[in-house]
Amino acid sequence: MTMPDTVVPSNLRLIGGEMLVWSDDDATAGRVAAHGRLLGTLAERACRALPGARRVLVAGPHSVALVARLAATGVKITCLVRAYADGAAVARRLPDARVLCGSLAKLDADEQFDAVVALDGLHRLSSVEGADLTWGESLERLIGALAPDGRLVLGLDNLLGVHRLVEMTPWYADETDAAWSPVGEYDESRPRSLHQLGERLGRAGLRVAASYAGYPLPGAPSVLVGAGGAADDAALRGFLDGTISAALGDAYAGTPVLSDPRR
């Protein structure tokens, strides 16, 4: 943890629920989403396809490099983070971006965006200084922030993913700032599968344009597999297996694991 700076950047606004002695900037094991180039490419394409003013909300902790990449497309960026240290870092690195520090529950309900980018998921949008929002409640608030015909770019960590199954230390032993969420795996509103996620988004009035499984790590994938694509093609399955195996081997080289992740 780091103490907050005494001088607040001019483009940083505290909206309530801000966590002053806190940081979600934990890059180990890909825990801070959107460090991967492929995730940056997906978000960038979504923003380039936007008509009109193209106002984009980046919700949750993302790498500054990805936010800068989105800003380079000409969109107007607003970042929402719960940790003051993280918000101040983004605000100083990107003076043209507007940074809101606090809980998603404090986001202005009347403000709308052409796109919402939440590649880190929804679990780090609530604060210990405010209301504990479930996954479903957080989704409703983000959808409420979408303008008509807006785009949502959303990440969802697989709780039974390879990255969890092979870890030497179980997830519940992680006591870092970045590991905390108000409800966690006990959140009944959180989808348990890609199918459930699609159904949940459909009930909210959203159409899923594309979905991908990312390997080797959720926050830094080097391989994206489109649903219903190469994974269902027998001719390409061997190539796909080899590609994912190589990605997992590179990611865990020299790292103690419970079992070989390539299996």
Side-chain angles (χ1 to χ4, degrees), residues 24 26 29-36 38-39 42-43 45-46 57-62 66 80-82 103-105 107 113 115-127 130-146 149-167 170-172 174 178-221 223-232 244 261:
D24 285 316
D26 178 5
R31 288 191 177 89
V32 175
H35 281 280
L38 291 179
L39 293 181
L42 288 178
R45 287 181 178 178
L57 172 66
V58 181
H62 292 68
L66 180 133
L80 172 65
V81 293
R82 64 184 182 179
S103 170
L104 174 61
L107 186 67
F113 301 86
V116 173
V117 177
L119 288 167
D120 184 60
L122 307 182
H123 61 294
R124 286 197 286 236
L125 293 175
S126 292
S127 164
D132 290 344
L133 300 179
T134 65
W135 189 97
E137 291 169 338
S138 297
L139 178 66
E140 289 174 1
R141 289 180 179 266
L142 287 185
I143 292 176
L146 272 179
D149 299 323
R151 293 172 179 260
L152 173 64
V153 187
L154 175 65
L156 181 69
D157 188 3
N158 182 2
L159 298 182
L160 288 176
V162 175
H163 63 294
R164 284 179 175 255
L165 297 178
V166 302
E167 283 188 346
W171 58 267
Y172 49 80
D174 190 346
W180 180 85
S181 61
V183 185
E185 73 285 359
Y186 300 108
D187 188 347
E188 294 183 357
S189 71
R190 186 187 191 280
R192 297 300 194 262
S193 66
L194 182 61
H195 178 70
Q196 288 186 9
L197 175 60
E199 289 185 334
R200 181 66 180 82
L201 294 174
R203 291 197 300 271
L206 298 181
R207 178 182 63 85
V208 178
S211 57
Y212 302 89
Y215 298 89
L217 299 169
V223 179
L224 292 179
V225 182
D232 297 327
I244 295 176

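Take Arg141 and apply the salt bridge (Lys or Arg N to Asp or Glu O under 4.0 Å) test, not counting sequence neighbours, and it matches no residue. For Glu199, the side-chain hydrogen bond (donor to acceptor under 3.5 Å, both in side chains) test picks out His195, with sequence neighbours left out.
The shortest distance between side-chain heavy atoms of Arg190 and Leu159 falls below 4.5 Å. Asp120 places none of its side-chain heavy atoms less than 4.5 Å from the side chain of Asp24. Under the 4.5 Å side-chain criterion, counting only non-hydrogen atoms from C-beta, Val162 is not in contact with Pro216. Side-chain contact check for Arg151 versus Phe113: every heavy-atom pair is 4.5 Å or farther apart. The shortest side-chain heavy-atom distance between Leu104 and Leu122 does not fall under the 4.5 Å cut-off. The closest side-chain heavy-atom distance from Val117 to His62 is below 4.5 Å. Leu139 has its side chain within reach of Leu152: a pair of non-hydrogen atoms, C-beta onward, lies under 4.5 Å apart. Looking at heavy atoms from C-beta onward, Pro191 lies in side-chain contact with Trp135 at the 4.5 angstrom threshold.
Considering every non-hydrogen atom in both Asp132 and Ser127, the closest pair reads OD1-O, 3.8 Å. Of all the heavy atoms in Leu142 and Ala118, the pair that sits closest is CD1-CB, 4.2 Å. Across every non-hydrogen atom of Leu107 and Ala145, the tightest pair is CD2-CB, 4.3 Å. The minimum heavy-atom distance linking Pro218 with His163 is given by the pair CG-NE2, 3.4 Å. Summarising the geometry of Gly60 relative to Val81, their closest heavy-atom pair is O-CG1, 3.8 Å, with the distance given to 0.1 Å. The shortest heavy-atom contact between Val208 and Leu201 is CG2-CD1, 3.9 Å.
Crowding of Tyr215 atom OH: a count of heavy atoms from other residues, nucleotides or ligands under 6.0 Å not exceeding 12. No more than 12 heavy-atom neighbours from other residues, nucleotides or ligands sit within 6.0 angstrom of CZ on Arg207.
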Derivation of the side-chain contact (heavy atoms from CB on, under 4.5 Å) call for Leu154 and Leu197: CA-CA 10 Å; Leu154 175 65; Leu197 175 60; 4.2 Å; yes

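Annotation: the span from Tyr212 atom OH to Leu42 atom CG amounts to 5.5 Å, rounded to 0.5 Å. For the atom pair Leu80 CG and Leu57 CG, the distance stands at 6.0 Å (nearest 0.5 Å). Of the inter-residue distances, the one linking Leu133 atom CG with Ser189 atom OG reads 10.0 Å to the nearest 0.5 angstrom. For the atom pair CG (Leu156) and CG (Leu194), the distance works out to 8.5 Å, reported to the nearest 0.5 Å.
Counting only residues at least two apart or in different chains, salt bridge (Lys or Arg N to Asp or Glu O under 4.0 Å) contacts with residues 152-166 comprise Asp157-Arg164.
Remark: side-chain polar atoms of Arg82 are paired, donor with acceptor, to backbone N or O of Ser126 under 3.5 angstrom.
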